[in-house]
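Naming convention: chains lettered A, B, ... in sequence-line order (proteins, then strands); numbering from 1 in each chain. None of the values given here were measured: they were computed from a predicted structure.
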Amino acid sequence: MFGYVEPDKPELKIREFELFRGYYCSLCKTLGRSYGQISRLSLNYDLTFLAVLLDSVNEEATHGKVERCIAHPVRKRYTVTSNRFVEYAADMNIILTYYNLKDKWSDEKNVLGALGSAALRRAFKKAAGRNREKTERIEGLLGEVDRLEKEKCASIDEAAEPFACIMREVFRCPHVCDEKKRKVLGWLGYNIGKWIYILDAWDDLEDDAKSGSYNAILEQFRYDGGNIDEFKAGIRERIDFSLTYSLSECEKAYALLGAVKNTGIIDNIIYSGLIVKTDKVLQGRCSKNEGSVQGFGG
Amino acid sequence: MKDPYKVLGVKPGASYDEIKKAYRELVKKYHPDRYRDNPLADLAEEKMREINEAYEYLMKNAGNYQYQSESYDNSGSSQSGSYGAQYQSRQSGQYQTQYEYQDESDLERQVRAYINSGNLNEAQRILDRMRNRNAVWYYLQGLIFVRRGWYDRGYTNIQRAVNMDPTNYEFRNTLNNLNNQSYGYRSNPYYTNVTQREYDMCQICGTLWCADSLCECMGGDLIRCC
């Protein structure tokens, strides 16, 4: 379900790219330090975006140094010095990944899910202990996700709601002192969550149609087993509206956030990265044939 | 008061044109129309007030009379051409006085008041009690959904209201606004840059469709058949 939030790399300045990677490395090392080496494998760009975004309202200057690391033993890399926002993003990364893996095991009997969640169990307990209230709320909302799935909920809005609320919880970081900023972050998170859920459902349409798994889009538009490409063509515009409107709300929230730093990267993601990703997923297979120039090598 | 130069994002001693340009950009960014049907509308209002104050301050107190005489006066406001007066009247009216609602029942008025104050649960509760599911009902239901973040259902309900009563200006205006929000987001300069990398039929059709909608918005028409 994760990994959709990416910068639009060709439009990123080298300096911004270095900084983004600096946050990525910082999160990765924080994970290693707090939760053990294996937890570092769980890191993704969505949570890197969270760290960059949360730190953007932090008025303290960003520090960093050039360090060596296990994943890149040859070349040293710039790493942002960890702070409470990076640590919070690392906690959230553990909590979300753990639930995601657990879900994969219970739904699809995915063996990797079972192994992964077992490996992360201790880390999860520690992260949950540090964010008790958040974890409780997230767990409750995940129950809602399951319930709607079992009931075969036939509305994308309704089906996306609990996941969007989870992202609202995740983005409303308690370390951001200003209540108004937390509200803005919450709305931004809600809309990112909504976007991720619907985009992911679209991305899975073919597979779910074949396997008969639950998919909110298939339910809402009453897929009858016909040609999937025709089905997609018939509803593309409507899904596009929901996705683009959610992103326009993210942008409006971001405009009110009053970020004091990292604006180059966040502008790139909010104004371009997310919509480029939307188009790429919406167009489905076509984009691969066209030899799309986007993509994030890492 | 915050540093007006900082609020407008210009350097101290910036020229009249620079200040005006920055001001116009910010007004576009935080305009109440953009934050209609948005739970952060109050924060956008606050920001607008700050921007207007900063602009007026610079116009009055910069010791530069040239500023005042040339000021941008497009909004019907006499104070150094800021959006202030227009904006405040809009705020006190809460969008209710703009349109005529003499025939509306008390319940409808209550629903609108609750939507405006952000109490969506209460608005929904009253709406559920209403028996007469006319165009206004679907319109209000659509507004609640949009405010909640349920855009697909919101759009469908407002579309339905427009279909039931195509002559209603408010319904059409809201529907156009929803379309314009997503179009506006896609046409931001950052992304426009990107689309130049891969320009295709879809983009051309989209642009034409949007130009058509915008023309229709203003009472004209670009493409007759749609």
Side-chain angles (χ1 to χ4, degrees), chain A residues 8 10-11 155-158 160-161 164-165 168 180-181 183-184 186-188 190-191 193-194 198 216-217 220 236-253 255-258 267-276 278-279 282-283 286-287 290-294, chain B residues 2 6-7 9 25-26 28-31 34-48 50 118 145-157 159 175 177-198 200 202-203 205-206 209:
Chain A
D8 176 24
E11 295 290 324
S155 154
I156 50 172
D157 282 325
E158 204 181 337
E161 180 70 9
C165 290
R168 172 160 55 206
K180 282 178 198 156
K181 289 206 159 103
K183 187 179 168 192
V184 169
W187 185 241
L188 206 164
Y190 176 92
N191 281 285
K194 180 127 213 164
I198 299 176
I217 298 176
Q220 169 160 339
R236 185 172 280 124
E237 213 170 288
R238 215 163 132 186
I239 299 296
D240 189 1
F241 172 78
S242 280
L243 292 171
T244 315
Y245 201 88
S246 306
L247 293 184
S248 82
E249 289 291 302
C250 291
E251 182 268 317
K252 281 180 247 176
L256 288 171
L257 185 64
D267 283 356
N268 173 291
I269 295 176
I270 296 264
Y271 289 106
S272 188
L274 297 175
I275 195 77
V276 164
T278 309
D279 289 347
L282 270 181
Q283 281 158 20
C286 310
S287 68
E290 281 164 14
S292 172
V293 288
Q294 290 98 28
Chain B
K2 282 187 192 166
K6 229 176 182 176
V7 171
E25 285 295 314
L26 289 171
K28 242 198 297 183
K29 198 169 176 185
Y30 298 103
H31 199 279
R34 223 165 77 87
Y35 285 89
R36 248 174 80 179
D37 316 316
N38 186 304
L40 305 175
D42 51 336
L43 295 176
E45 269 172 27
E46 212 173 276
K47 185 85 188 169
M48 259 311 259
E50 208 174 75
F145 277 136
V146 172
R147 270 295 279 271
R148 269 193 201 288
W150 291 32
Y151 310 121
D152 185 67
R153 282 200 178 173
Y155 190 88
T156 328
N157 275 280
Q159 175 86 67
L175 194 68
N177 192 41
L178 288 178
N179 284 323
N180 291 344
Q181 295 293 324
S182 48
Y183 175 72
Y185 172 70
R186 269 185 186 271
S187 57
N188 78 69
Y190 215 123
Y191 179 64
T192 321
N193 237 346
V194 175
T195 48
Q196 279 164 1
R197 295 205 298 254
E198 35 179 1
D200 59 8
C202 224
Q203 237 91 45
C205 290
W209 169 75

Task: Ala160(A), part contacting chain B, at a heavy-atom distance under 4.5 Å - done: neither

Task: Donor-acceptor side-chain pairing of Trp150(B) and Glu161(A) below 3.5 angstrom - done: yes

- [ ] Go through the side-chain N and O atoms of Glu251(A) and Asn188(B) and say whether any donor and acceptor fall under 3.5 Å apart.
- [x] no

Task: N/O donor-acceptor pair under 3.5 Å between Tyr151(B) side chain and Asp157(A) backbone - done: no

Open item on the list: Measuring from atom OG1 of Thr156(B) to atom CZ of Arg238(A), what distance do you get when rounded to the nearest 0.5 angstrom?
Closed with: 4.0 Å

Task: Residues Arg186(B), Asp279(A); criterion salt bridge (Lys or Arg N to Asp or Glu O under 4.0 Å); working and verdict - done: CA-CA 11 Å; Arg186(B) 269 185 186 271; Asp279(A) 289 347; 2.9 Å; yes

- [ ] Give the minimum heavy-atom separation between Ala255(A) and Tyr30(B), together with the two atoms involved.
- [x] O-OH, 2.5 Å

- [ ] Could you pull out the closest heavy-atom pair between Tyr271(A) and Lys29(B), with the gap in Å?
- [x] OH-CE, 4.3 Å

- [ ] Sort Glu158(A) into side chain, backbone, both or neither according to what part of it lies under 4.5 angstrom from a heavy atom of chain B.
- [x] both

Task: Pairing residues for Phe241(A) by the ring-ring contact (aromatic ring centres under 6.0 Å, His included) criterion, not counting sequence neighbours - done: Tyr245(A), Tyr155(B)

Open item on the list: Can you confirm whether Asn38(B) sits close enough to Lys252(A) that some side-chain heavy atom of one is under 4.5 Å from a side-chain heavy atom of the other?
Closed with: yes

- [ ] Return the option, out of Asp240(A), Thr244(A), Leu256(A), Asp267(A), with the maximum number of heavy-atom pairs under 4.5 Å with chain B.
- [x] Leu256(A)

Task: Which of Asn191(A), Asn268(A), Val184(A), Ile156(A) touches chain B most, by non-hydrogen pairs under 4.5 Å - done: Asn268(A)

Open item on the list: So for Lys180(A), is it side chain, backbone, both, or neither that comes closer than 4.5 Å to the heavy atoms of chain B?
Closed with: both

Open item on the list: I need the residue from Ser248(A), Ser155(A), Gly273(A) with the largest number of non-hydrogen atom pairs under 4.5 Å to chain B.
Closed with: Ser248(A)

